[in-house]
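Data block below; observations after.
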Amino acid sequence: MDNSTEKDEKPLDFIRQIVVADQESGKHATPVTRFPPEPNGFLHIGHAKSICLNFGIADEFNGTCHLRFDDTNPTKEEDEYVRAIKEDVQWLGFDWGENLFFSSDYFDKLYDFAVELIKREKAYVCGLNAEEMRQHRGTLKEPGKESPYRNRSIEENLELFTAMKEGKFDEGTHVLRAKIDMASPNLNMRDPVIYRIMKATHHRTGDKWCIYPMYDYTHCLSDEQEVITHSLCTLEFEDHRPLYDWFLDVLETPSHPRQIEFARLNLNYTVMSKRKLMQLVQENHVQGWDDPRMLTVSGLRRRGYTPASIRNFCAEIGIGKRESWIDMGVLENAVRNDLNIIAPRVLGVLDPLKVVITNYPEDKTEDIKAKNHPQNPDMGSRSLPFSRELYIERTDFMEDPPKKFFRLGIGREVRLRYAYFITCESVVKDEQTGEILEVHCTYDPATYGGNAPDGRKVKGTIHWVSAKHALKCEIRLYDRLFAVENPDADKDVDFKEHLNPNSLQSLPNCMVEPSLADLAPGDCVQFERQGYFCVDLKDSSPGQPVFNRTVGLRDSWAKRNK
RNA sequence: UGGGGCGUAGCCAAGCGGUUAAGGCAUCGGGUUUUGAUCCCGACAUUCGGAGGUUCGAUCCCUCCCGCCCCAGCCA
């Protein structure tokens, strides 16, 4: 009858539809999902999409979500990343509770499963080297050739596999392979490698093992061990699903999770692969994994993005199977929307220009009352010191401005936010360079607070700060890291060629209202008429904040002047 | 005819045989405003990659065609 309440419900994506269907059919009362990062780099916004999906489903349907580190390759993985990944997942607002796992937790079980495969004549030790194996694999259009070692006896395989485990062979001399079908049109099914010899120290198991299981083999069995119901991964693993199912079927495991693939996130003006992010860090194109220009979770955090804004972003872009490119503007919009609600408004001047109020007493200081949030009285107000000498934004003054410039110009009157109307009388210039040094104005004492008793209107309101009370500080403005929409588009051009040389602009001489000395690292504010800024987590010190611009305000004035 | 996937507006994305083809971003108008912000209103696909077919009726089912993405690591 009345479907008005249903109207604004966001439709379920295809994965959630499957979860609901499984719930309704009784297949799974509650879902168990997992987020399975490899600890070989920092998490980025693409991982955030997966985290929000997996943990989100668990939250919404009364299930659980495991955090499982997929650590099957000891040569690439490090503890430092484990620590950072945990911090990022928590910061995003998710809790794995007791469910913290490592694929390496299952190394013993995985080994037993491999022995079982051999006994079922579904795996064999192969002595082909990497190059030979590549040749035997065939091509996309031609079937592969069977390995000469394919029909070894169970006993021989068992003996050889034990020897592999005991370190009796060198790396690369033997592998354990699944015995499936060398003629399969799906290359993943052409007797894939299950175990390889790696004489490396593992970050958790140390030197216990010198053979390590491969991803395809490990992942399905780890999921199975944890009784995962829905194993969500990205599209490129679609071709691996038959193999995922094959291992579970052959081993007749009690549980058989369902792998479901979705499209990874692409954002324009950035790169998303861990390898490329790593390169930017190692070659010092950025100042670390948490550089505010990086779309890593830690970079976004340092940039001033809130966890809620990232979650909202992920919810907004949805889940599907289409390869899509999201505009960076959508991400920026997500922070604006969140910060617009929660960020206190303050006054700060990025590029200071001195203003002298010639008819204001030399030694006088007044308190000006300013709202902390014009739309939210609950956020209260504060007082701003006002005196004869002020700073305003250099871009808010033009000697001979065009008509539509609603700011200060010679002979023009504007409002100083919350303070007084001022009229510009003259400018003082550097005789050599012509640079404007000072602007001389008069104020109307009757306009205290920003309203004229005679009812006269003023077109513009500009921000300001009292010169002798201002806190001088550094503010960093960030722009997109790349100058083109898709830095990866041309395979013949290195993506780093497209780095935006102006992605970081540091302003060391900004003047902000004095109350900002009390801010703590991570606090965010809106500098009115400028944008949202946060106190840098690393480079700020007590009483001396360094600000990062998270994102600018929408600016229809700048837009029309393009 | 290797195999697997995907095509709805500038960018995302609902839609599940009968809808005025949701919603968001962007864009363009208008209003409010002591932030050129926010907020509020309005405009924005006769059409769903193309062509056929099934059906009273197709974005949705079938066929063919076109386009894009993924796969030949002892990476994940």
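Below, chain A is the first sequence line, B the second, and so on; all start at residue 1. Just so you know, these numbers use all the heavy atoms, side chains as well, and skip hydrogens, waters and symmetry mates.
- Under the salt bridge (Lys or Arg N to Asp or Glu O under 4.0 Å) criterion, A:Asp444 pairs with A:Arg456, not counting sequence neighbours.
- Here A:Phe14 pairs with nothing under the ring-ring contact (aromatic ring centres under 6.0 Å, His included) rule; sequence neighbours left out.
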Less than 3.5 Å apart, which donor and acceptor atoms pair up between the side chains of residues 322-335 of chain A and the rest of the protein, not counting sequence neighbours?
residue  : atom : partner  : partner atom : Å
A:Asp327 : OD1  : A:Asn268 : ND2          : 3.0
A:Asn333 : OD1  : A:Arg554 : NH2          : 2.4
A:Asn333 : ND2  : A:Asn337 : OD1          : 3.4

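- For A:Arg417 and B:rA37, the CZ to P distance is 13 Å, given to the nearest whole Å.
- For the side chain to side chain donor-acceptor pair (under 3.5 Å) test, no residue two or more places apart in sequence or in another chain qualifies with A:Thr447.
- Looking only at atom types and distance, the side chain of A:Asn186 has no donor-acceptor partner in the side chain of A:Ser184 under 3.5 Å away.
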With the criterion being N/O to N/O and under 3.5 Å, what pairs connect the protein with nucleotides 67-70 of chain B, and how long is each?
residue : atom : partner  : partner atom : Å
B:rC69  : O2'  : A:Glu323 : OE1          : 3.1

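- The base of B:rU8 sits within donor-acceptor range of the side chain of A:Arg322, with an N or O pair under 3.5 Å.
- Screening residues 40-52 of chain A for salt bridge (Lys or Arg N to Asp or Glu O under 4.0 Å), with sequence neighbours left out, gives no hits.
- Residues of residues 333-352 of chain A that place a heavy atom closer than 4.0 Å to RNA chain B, in numerical order, are A:Asn333, A:Asn340, A:Arg345.
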Exercise. Under a cut-off of 3.5 Å for both distances of each Watson-Crick or G-U pair, what dot-bracket string does RNA chain B give, using [ ] for crossing pairs and | for inter-strand pairs?
Worked result: .(((((((.[[[..)..(....]]].(((((.......))))).....[[[[[..)....]]]]])))))).....

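- Here A:Asp79 pairs with A:His203 under the side chain to side chain donor-acceptor pair (under 3.5 Å) rule; sequence neighbours left out.
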Run the side-chain donor-acceptor check on residues 165-174 of chain A: report pairs under 3.5 Å with partners two or more places apart or on a different chain.
residue  : atom : partner  : partner atom : Å
A:Glu166 : OE1  : A:Lys168 : NZ           : 2.9
A:Glu171 : OE2  : A:Lys199 : N            : 2.7
A:Thr173 : OG1  : A:Asp170 : O            : 2.6

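- Distance A:Ile260 CD1 to B:rG5 P: 14 Å, rounded to the nearest Å.
- Residues that satisfy the side chain to side chain donor-acceptor pair (under 3.5 Å) test with A:Asn157, not counting sequence neighbours, are absent from this structure.
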Which pairs would a plain distance check flag for residues 124-134 of chain A, meaning a side-chain donor or acceptor within less than 3.5 Å of a matching protein atom at least two apart in sequence or in another chain?
residue  : atom : partner  : partner atom : Å
A:Tyr124 : OH   : A:Asp191 : OD2          : 2.6
A:Asn129 : OD1  : A:Glu131 : N            : 3.0
A:Asn129 : OD1  : A:Glu132 : N            : 2.7
A:Glu131 : OE1  : A:Arg134 : NE           : 3.4
A:Glu131 : OE1  : A:Arg134 : NH2          : 3.3
A:Glu131 : OE2  : A:Arg134 : NH2          : 3.1
A:Glu131 : OE2  : A:Gln135 : NE2          : 2.9
A:Glu132 : OE1  : A:Asn129 : N            : 2.8

